[in-house]
Amino acid sequence: MAMTIATRKRLVTALLIGPSAAWLSLFLVLPFIAILVFSVGERAPEGGYQAAFTFAQFMNLPARATAFWNTMILAPVGAFFCLLVAYPTAYYLAIKAPARYRMLLVSLVVVPFWTSLLVRTYAWIFILGARGLPNLLALIGLPDVRLLNTPGAVLLGIVYGYLPLMIMPIYVSLEKLDCRLLEASADLGASPVRSFFNVTLPLSLPGVATGVALVTILLLGEYLIPQLLGGGKVFFIGNALVDLFLQSRNWPYGSAIAVTLVSVVVLIITLAMRLAWRFAGTRQVDLV
Amino acid sequence: MRAFITAVYLFLYAPIALVVLLSFNAGRNASDFTGFSTAWYGKALSNTFLMQALENSLMVAFISAGLAAIYGTMAAMGLERLGKRGRMLFDGLLAAAIVVPGVVIGIATLVALVQLFALLNPIVAALWPTDSPPQFGFGYGSIIAAHGLFSMALVTMIVRARIATLGRDIVEASADLYATPFNTFRLIVLPQIFPAILSGFLLAFTFSFDDFIIAFFVCGSKTTLPIYIFASVRRGVTPEINAIATLVLTASLLLILLSRFLMRDRPSPVPSE
């Protein structure tokens, strides 16, 4: 048993990393290589894949431009509306809420996020469907209002589904806020509004950036909300992908769309991280 | 401000409350409340397709989260010992497993496994001694594999964050007192990181149990609960679906309470400083 300590150490490391490395290679790296290969292939006459090396699939991307535009517009707009509701909520939770109830109120925000998005989304079908709100609106003299299967319904579903995810990072950044900074600002004669815009808001921007980036990235691959609340009229890239893989079985074209989607996600993450670095560089405030 | 906050909480909970309320509806139409009844719970519980889907979901979530808890913890321990470049590569892959949209993970796994099965099945058939060789195909295995990916990434990240807060001195003290590395792990490290492992497991379990889109691509002929609910919603929601949804909501609620209970800060039995 002549085994040096270094060899032994390396062996243990390999054994520890091995299973997860195998999992990552087999179910992340290999699948990604597969769609890269498929995306430069051709569709076989009977559906499926035929080996080739062509960029025809990528050239054909404009054929699904509607899905792209819907996603690229509704994802950031949805994240923005989410932010509009989330910021005051997070502000209340971190600064205004009575300390006794704070943890309870925060938990109540988090709970919906851990319950099935599918169930929470289909509940809106009842509310927005013909027997729900439009029915009530008809009673007050607004007949024939259609809510379900509109971009508005999808936006509402997005705000509803992702609100907890937007509130949490903003809450965390506001909670860390040093109250002495606000007192100092007031002592120096700033009005509460001015203190908010010059002190609170800038210091919470990292949380805002995290929330917006997180929600936007997740929304880019969203499928359920547009499927259930957009009723096939408002569709995202995710819906196009399901159609291409499970219905029309155009795998090479679907792969090209998937590769493009991942590239966009990577691009946005890179930009968001650059921004975060810049914030971190200029906004360092340490009191202690 | 008060009114706004009340409205936000109402907005968050009204749809959930509606599903719960409609699950007690006596009528057969899901959206008109005609009277109180628990009949749909009985119907849901005696629906064999629904119960099979629930069982599949529980099994898949349990196995994938369980495997992830083991492999993820091992990876978190191993990463400490890895060189800088290896660690960066591994970190990148873990991040990718979480941020790549589920719909892409689903199709990529589908495409890769179709090719892999097409390659492996003839080889196995040629080598198998009898006439009825086993066939690789989509089913429980492929869902567990795909869910295991994000589950493992979640567990690794959570456990690593916990390991980072552990004092190294206590591990060194244990070694100085002639504990073997394994005993140091078992007696010193494991008790301290166990809450993190468990909360990683619960998180992974919830994600797997709620996942629709990945399972949708790789489930083969098997049905998970979200897939069953999705199919029913397309046909028109019945109070039966509301009943099962209510049960699932209750179960998730209990899981969250459990994980919050485990994650809360408590003085560790051994001081780390």
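Numbers restart at 1 for each chain; the letters A, B, ... are given by sequence-line order, proteins then strands.
Here the side chain of B:Y71 pairs no donor or acceptor atom with the backbone of A:A21 at under 3.5 angstrom.
Of the residues considered (B:P101, B:A14, B:A108, B:G78), B:A108 shows the highest number of contacts with chain A, using heavy-atom pairs under 4.5 Å. Chosen from A:P31, A:P88, A:G221, A:A14, the residue pairing most often with chain B at heavy-atom distances under 4.5 Å is A:P31. Interface summary for chain A: among B:M77, B:R2, B:Q115, B:E80, the most heavy-atom pairs under 4.5 angstrom belong to B:Q115. Ranking B:A145, B:G148, B:A146 against chain A, the residue ahead of the rest is B:A145, based on heavy-atom pairs under 4.5 Å. The candidate with the highest count of non-hydrogen atom pairs below 4.5 Å against chain B, out of A:L241, A:V265, A:V111, A:I217, is A:V111. Ranking A:Y160, A:Y223, A:Y91, A:F32 against chain B, the residue ahead of the rest is A:Y160, based on heavy-atom pairs under 4.5 Å. Contact count against chain A (heavy-atom pairs under 4.5 Å) is highest for B:V8 among B:V8, B:L225, B:I105, B:T206. Across B:L89, B:L203, B:T73, the residue that shares the most heavy-atom pairs under 4.5 angstrom with chain A is B:L203. Ranked by non-hydrogen atom pairs under 4.5 Å with chain B, the options A:V29, A:I125, A:L244, A:V109 are led by A:V109. Contact tally against chain B (heavy-atom pairs below 4.5 Å) for A:G254, A:P164, A:A123: the top residue is A:A123. Ranked by heavy-atom pairs shorter than 4.5 Å toward chain A, the options B:V104, B:V103, B:I107 are led by B:I107. Ranked by heavy-atom pairs under 4.5 Å with chain B, the first of A:E222, A:R10, A:K96, A:K9 is A:K9.
Residue B:V99 touches chain A through both its backbone and its side chain, counting heavy-atom pairs closer than 4.5 Å. Residue A:V37 does not touch chain B at all, counting heavy-atom pairs closer than 4.5 Å. Only the side chain of B:I213 comes within contact range of chain A, with heavy atoms under 4.5 Å apart. For B:I16, the parts sitting under 4.5 Å from any heavy atom of chain A are the backbone and the side chain alike. Contacts of A:L224 with chain B are made by side-chain atoms alone, with heavy-atom separations under 4.5 Å and no backbone atom involved. The part of A:Q227 that comes within reach of chain B is its side chain, from C-beta onward, which places non-hydrogen atoms under 4.5 angstrom from that chain. Interface residue A:L24: backbone and side-chain heavy atoms are both found under 4.5 Å from chain B. B:I5 touches chain A through its side chain: at least one heavy atom from C-beta onward sits under 4.5 Å away, while N, CA, C and O do not. Using a 4.5 Å cut-off between heavy atoms, A:Y92 contacts chain B through both its backbone and its side chain. In this structure, chain A has a heavy atom under 4.5 Å from the side chain of B:V19, while its backbone stays farther away. Contacts between B:F212 and chain A at a heavy-atom distance below 4.5 Å involve the side chain alone, from C-beta outward. Interface remark: A:I269 contributes side-chain atoms only to the contact with chain B (heavy atom separation under 4.5 Å). With a 4.5 angstrom heavy-atom cutoff, A:S25 does not touch chain B via any of its atoms. Proximity to chain B (any heavy atom under 4.5 Å) is restricted, for A:L93, to the side chain, taken from C-beta onward.
More than 12 non-hydrogen atoms from other residues, nucleotides or ligands lie less than 6.0 angstrom from CG of B:L254. Heavy-atom neighbours of B:Y9 OH from other residues, nucleotides or ligands within 6.0 Å: above the threshold of 12. More than 12 heavy-atom neighbours from other residues, nucleotides or ligands sit within 6.0 angstrom of CZ on B:F185. The environment of A:F81 atom CZ is sparse: at most 12 non-hydrogen atoms of other residues, nucleotides or ligands sit within 6.0 angstrom.
With rounding to the nearest 0.5 Å, the separation of CG in A:L228 from CZ in B:R234 is 8.5 Å. The distance from atom OG1 of A:T89 to atom CZ of B:F4, rounded to the nearest 0.5 Å, is 4.5 Å. Annotation: the span from B:L149 atom CG to A:W23 atom CH2 amounts to 8.5 Å, rounded to 0.5 Å. With values rounded to the nearest 0.5 angstrom, B:M74 atom CE is found 11.5 Å from A:T13 atom OG1. One distance of note links CG of A:L30 with CG of B:L116; it measures 6.5 Å at 0.5 Å rounding. The structure places CG of B:L67 at 12.0 Å from OG of A:S20, a figure rounded to the nearest 0.5 Å.
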Start with the C-alpha gap between B:L12 and A:L108, add the side-chain angles, then the distance that decides, and say whether side chain to side chain contact (heavy atoms under 4.5 Å, CB included) holds.
-> CA-CA 9 Å; B:L12 280 175; A:L108 279 175; over 6 Å; no
Carefully, step by step, assess A:L28 and B:L93 under the rule side chain to side chain contact (heavy atoms under 4.5 Å, CB included).
-> CA-CA 8 Å; A:L28 183 71; B:L93 289 176; 4.0 Å; yes
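The side-chain heavy atoms of A:V12 and B:R81, taken from C-beta on, include a pair separated by under 4.5 Å. Contact annotation: the side chain of B:D210 never approaches that of A:L117 to less than 4.5 Å [non-hydrogen atoms, C-beta and beyond]. With contacts defined as side-chain heavy-atom distances shorter than 4.5 Å, the pair B:P15/A:I127 qualifies.
Using cut-offs of 30° and 60° for the angle between ring planes, the A:F113 and B:F207 rings count as perpendicular. Note on ring orientation: taking the six-membered ring where Trp is involved, the planes of A:W124 and B:F11 are tilted (angle from 30° to 60°).
The nearest pair of heavy atoms linking B:A75 to A:I17 is O-CD1, 3.9 Å. Closest non-hydrogen pair, B:V111 versus A:F245, comes out as CG2-CE2, 3.6 Å.
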